[in-house]
Amino acid sequence: MENKTMIRLVVGTEAIFFLCLIMAFVYMAYHAGFEPHQRSSLDIRTTGAYTVLLLGSSLTLMLAERGYRKGSPRGLKGWLLTTLVLGGLFLFGQGREYLRLIHKNITLSGSVFGTSFFTLTGFHGLHVLIGLIVLGIILLLAFLGDYDRPKKGGGALGTAAVYWHFVDIVWIVVFIVVYLLPKI
């Protein structure tokens, strides 16, 4: 129970921080005057595909948790590995987007858009990376036998899952605000 309380506090504080970053992005977009050609440089289709992979990773993590609860170490390991691959592919996609934008001379220090875009999406990417590290440690422990028998409450796996689902929900909001709303 202590793990769940602590992760809820962490998620709550991180939600406030993300809300501030999103509000700053929106403010700068409509009041500081983003350069329209930079905003239109975002690749909504490719990022949308990587978004589907990240959201799919929440499903595979739920399946990993289910495998654990049912006493299936093999199910836990397989679905957890799939979660890691999907999360890693999402980060790869973000890296590709960053490189593409940098080649178009859209950088962190080059414009208001670049600063707000790279700050918001980079902070999210850092959270994805942290989640991947934690899930990777859990997978390693699972291969070492620590998750062969279900424990009540799920322990670290359940706590990591709360964090991972939060990171996915945040990305939905970021994707809508950064990629979709400007197209409307």
Side-chain angles (χ1 to χ4, degrees), residues 1-22 43 46-99 117-179:
M1 191 62 145
E2 294 167 8
N3 287 350
K4 294 280 185 177
T5 301
M6 291 307 294
I7 197 62
R8 287 181 184 135
L9 289 172
V10 168
V11 164
T13 58
E14 292 300 300
I16 292 168
F17 194 80
F18 272 111
L19 180 63
C20 291
L21 285 176
I22 291 166
D43 185 352
T46 303
T47 303
Y50 286 110
T51 296
V52 169
L53 295 177
L54 183 65
L55 299 179
S57 73
S58 266
L59 174 64
T60 59
L61 184 54
M62 287 189 294
L63 293 170
E65 287 183 286
R66 188 175 80 185
Y68 175 66
R69 282 191 308 273
K70 289 186 172 188
S72 170
R74 186 173 180 209
L76 166 68
K77 294 170 194 169
W79 288 117
L80 197 50
L81 180 61
T82 304
T83 302
L84 288 166
V85 169
L86 292 173
L89 286 171
F90 172 80
L91 279 184
F92 173 79
Q94 282 302 107
R96 282 187 58 204
E97 175 83 334
Y98 284 6
L99 288 174
F117 172 81
F118 284 108
T119 300
L120 177 57
T121 60
F123 193 68
H124 178 267
L126 174 64
H127 281 72
V128 172
L129 179 62
I130 290 167
L132 289 173
I133 291 168
V134 170
L135 293 173
I137 291 168
I138 292 170
L139 180 62
L140 176 64
L141 292 172
F143 276 107
L144 293 174
D146 284 7
Y147 286 85
D148 286 351
R149 290 191 187 95
K151 297 174 188 103
K152 192 172 184 174
L157 179 62
T159 303
V162 169
Y163 176 83
W164 190 256
H165 298 311
F166 164 73
V167 168
D168 283 4
I169 290 166
V170 167
W171 181 252
I172 292 169
V173 175
V174 170
F175 184 74
I176 289 169
V177 168
V178 173
Y179 286 86

Result block: side-chain N/O donor-acceptor pairs under 3.5 angstrom for residues 69-76, not counting sequence neighbours:
residue	atom	partner	partner atom	Å
Ser72	OG	Gly75	N	3.0

Worksheet item: Is Thr13 reaching over with its side chain to a backbone N or O of Val10, donor-acceptor style, under 3.5 angstrom?
Response: yes
Worksheet item: Of all heavy-atom pairs between Tyr147 and Leu157, which one has the smallest distance, and what is that distance?
Response: OH-N, 3.9 Å
Practice prompt. Would you please name every residue forming a side chain to side chain contact (heavy atoms under 4.5 Å, CB included) with Thr47, sequence neighbours left out?
Written response: Thr51, Gln94, Glu97, Trp171, Phe175, Tyr179
Item to complete: Work out which heavy atom in Gly122 is nearest to a heavy atom in Tyr98; give both atom names and the distance.
Response: N-OH, 2.9 Å
Worksheet entry | Any pair counted as salt bridge (charged side-chain N to carboxylate O under 4.0 Å, His left out), so long as it reaches residues 126-147, sequence neighbours left out | none
Worksheet item: Of all residues at least two apart in sequence or in a different chain, which pass the ring pair (Phe, Tyr, Trp, His ring centres under 6.0 Å) check with Tyr50?
Response: none
May I have the list of side-chain donor-acceptor pairs in residues 124-138 shorter than 3.5 Å, sequence neighbours left out?
residue	atom	partner	partner atom	Å
His124	NE2	Val167	O	2.9
His127	ND1	Phe123	O	2.8
His127	NE2	Glu14	OE1	2.4

Worksheet, complete the sentence: Residues at least two apart in sequence or cross-chain that pass ring pair (Phe, Tyr, Trp, His ring centres under 6.0 Å) with Tyr163, listed by chain then number, are none
Response to the item:
Taking every heavy atom of Ala142 against every heavy atom of Lys77, the minimum-distance pair comes out as O-CE, 3.2 Å
Worksheet item: If we only count heavy atoms from C-beta on, is the Phe117 to Thr121 side-chain gap below 4.5 Å?
Response: yes
Item to complete: Quick one: closest heavy-atom pair of Gly158 and Glu65, and the distance?
Response: CA-OE2, 3.8 Å
Response to the item:
Those residues at least two apart in sequence (or on a different chain) that pass side chain to side chain contact (heavy atoms under 4.5 Å, CB included) with Thr60 are Ser57, Trp79, Thr82, Thr83, Leu86
Fill in: Stepwise side-chain contact (heavy atoms from CB on, under 4.5 Å) test for Arg8 and Val11
CA-CA 5 Å; Arg8 287 181 184 135; Val11 164; 5.7 Å; no
Response to the item:
Sorted by chain and residue number, the side chain to side chain contact (heavy atoms under 4.5 Å, CB included) partners of Val173 (sequence neighbours excluded) come out as Ile22, Val177
Fill in: Results of side chain to side chain contact (heavy atoms under 4.5 Å, CB included) for Leu59 - residues two or more places apart only
Met62, Leu63
Worksheet item: How many angstroms lie between atom CG of Leu21 and atom CG of Leu120, to the nearest 0.5 angstrom?
Response: 5.5 Å
Practice prompt. May I ask you to test the Val52-Leu55 pair for a side-chain heavy-atom distance under 4.5 Å?
Written response: no
Worksheet item: What residues form a side chain to side chain donor-acceptor pair (under 3.5 Å) with Asp148, not counting sequence neighbours?
Response: none
